[in-house]
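So the structure is just underneath, and the comments pick up after that.
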Amino acid sequence: MVEILRIENLKKHFQTAQGVVKAVDGVNISLNEGETLGLVGESGSGKSTVAYNVVGIYGATSGNIYFRGEDISMGTSRRPKSLKKDIQIVFQDPGTSLNPRQYIHEILAMPLRVHRIVPENEITDRVKELLELVQLPTSFIFKHPLELGEGEKQSVAVARALAVNPSMIVLDEPTSALDVSMQAKVINLMLELQKEYGFSYLFITHDLGVMRNVADRIAIMYLGKICEVAPAAEFFQTPLHPYTRMLISSVPVVSEEEERMRPAKVASRGEIPSPVNVPGGCGFHPRCCDATEECAGAIPEMVEVESDHFVYCHKFKQER
Ligand code: SF4
């Protein structure tokens, strides 16, 4: 497996009137070529802030992000143009990410022009090809986003990301604004495109259920930190972190096998605290049924419990 993205001890802090918000506070994850990594967490966990650092909307407070070995932890303004093109993003709400005044032709032609992907006289043909790639009629070039359904708009947003032939696409809750049938359609489209073109996906979501059939590996975030990272099958079969177990125990299941594998229901205790006032030690300790004295005093270190299965919890100690 060839690694395409490596995030090392990434921190992104914001100064606010209430104090310093440690939105991302020491994240380590990696992504391989052609792989889908699901980055999952509740609202306020910091998962979208990680995404915005990867695409360069934010520069890192500290730590490093390497794309094919090159440090890209500064914002996009200081990134080479070739790297800006290589990493694309599909946002949650296509209604706000697509300019309602532009024709679909203009929306898709812009990245082709900016990055000089094809000569001017081939732009319309390429725009039509992009629409076909995302299974939309080519007649849509004459429509505005407001004339399209939500799923169609999100497919246009996907086409715009594909326009510059990226290697990696960050999907920031790409289906959460869609109804269930449209969610399935957009996800199937993304998987088909990945099979054909080998894209790597960093898939940001709060919906762990969506990840079951989509992700190769899953990373769970809580209050700016990673709790657990594991291959998807193992993740659902043997979740280790108490927070992961709490999340999985409330994911709806659709088969007897999934029901058998599901951990016993773990009651959710309280809400995610404010990121301005993060508890000391393990940030999950006020909500954790397994918390001990150690948990309130010390931040747990990463332990590789099985090959490629990492957990940050004092219940697990690295064998030396
Ligand atoms: Fe719970 Fe302690 Fe593990 Fe944190 S470190 S998840 S509080 S057992």
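Counting starts at 1 for both ligands and their atoms, following the listed order. Sequence positions, counted from 1, serve as the residue numbers for this chain.
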Review point. Is there a donor-acceptor pair under 3.5 Å between the side chain of D172 and the backbone N or O of Q92?
Key: no

Review point. Taking only heavy atoms of P242, which atoms of ligand 1 are found under 4.0 Å from at least one of them?
Key: 1 (Fe), 6 (S)

Check your understanding: Of the backbone and side-chain N, O or S atoms of H241, does one lie nearer to atom 3 (Fe) of ligand 1 than 2.8 Å?
Key -> no

Exercise for review: Measure the distance from atom 3 (Fe) of ligand 1 to every protein heavy atom, then report the residue, atom name and distance (to 0.1 Å) of the closest one.
Suggested key: C313 SG, 2.3 Å

Practice item. List the closest protein heavy-atom neighbour of atom 5 (S) of ligand 1: residue, atom name, distance to the nearest 0.1 Å. Key: H314 N, 3.2 Å

Check your understanding: With no hydrogens and no angle check, is any side-chain donor or acceptor of E147 less than 3.5 Å from a backbone partner on H144?
Key -> yes

Review point. Parallel under 30°, tilted from 30 to 60°, perpendicular over 60°: which one fits the rings of Y52 and F91?
Key: tilted

Review point. Do the two ring centres, one from H105 and one from F142, sit under 6.0 Å apart?
Key: no

**Study point:** Under 4.0 Å to a heavy atom of C295 - the qualifying atoms of ligand 1, by number
**Key:** 2 (Fe), 5 (S), 7 (S), 8 (S)

**Study point:** Validation row, ring centre Y58 to ring centre F14 under 6.0 Å
**Key:** yes

Check your understanding: With a cut-off of 4.0 Å, which atoms of ligand 1 are near a heavy atom of C282?
Key -> 4 (Fe), 5 (S), 6 (S), 7 (S)

Exercise for review: Please identify which atoms of ligand 1 are closer than 4.0 Å to at least one heavy atom of C288.
Suggested key: 1 (Fe), 6 (S), 7 (S), 8 (S)

Check your understanding: Aromatic rings H241 and Y243: how do their planes relate, parallel, tilted or perpendicular, breaks at 30° and 60°?
Key -> perpendicular

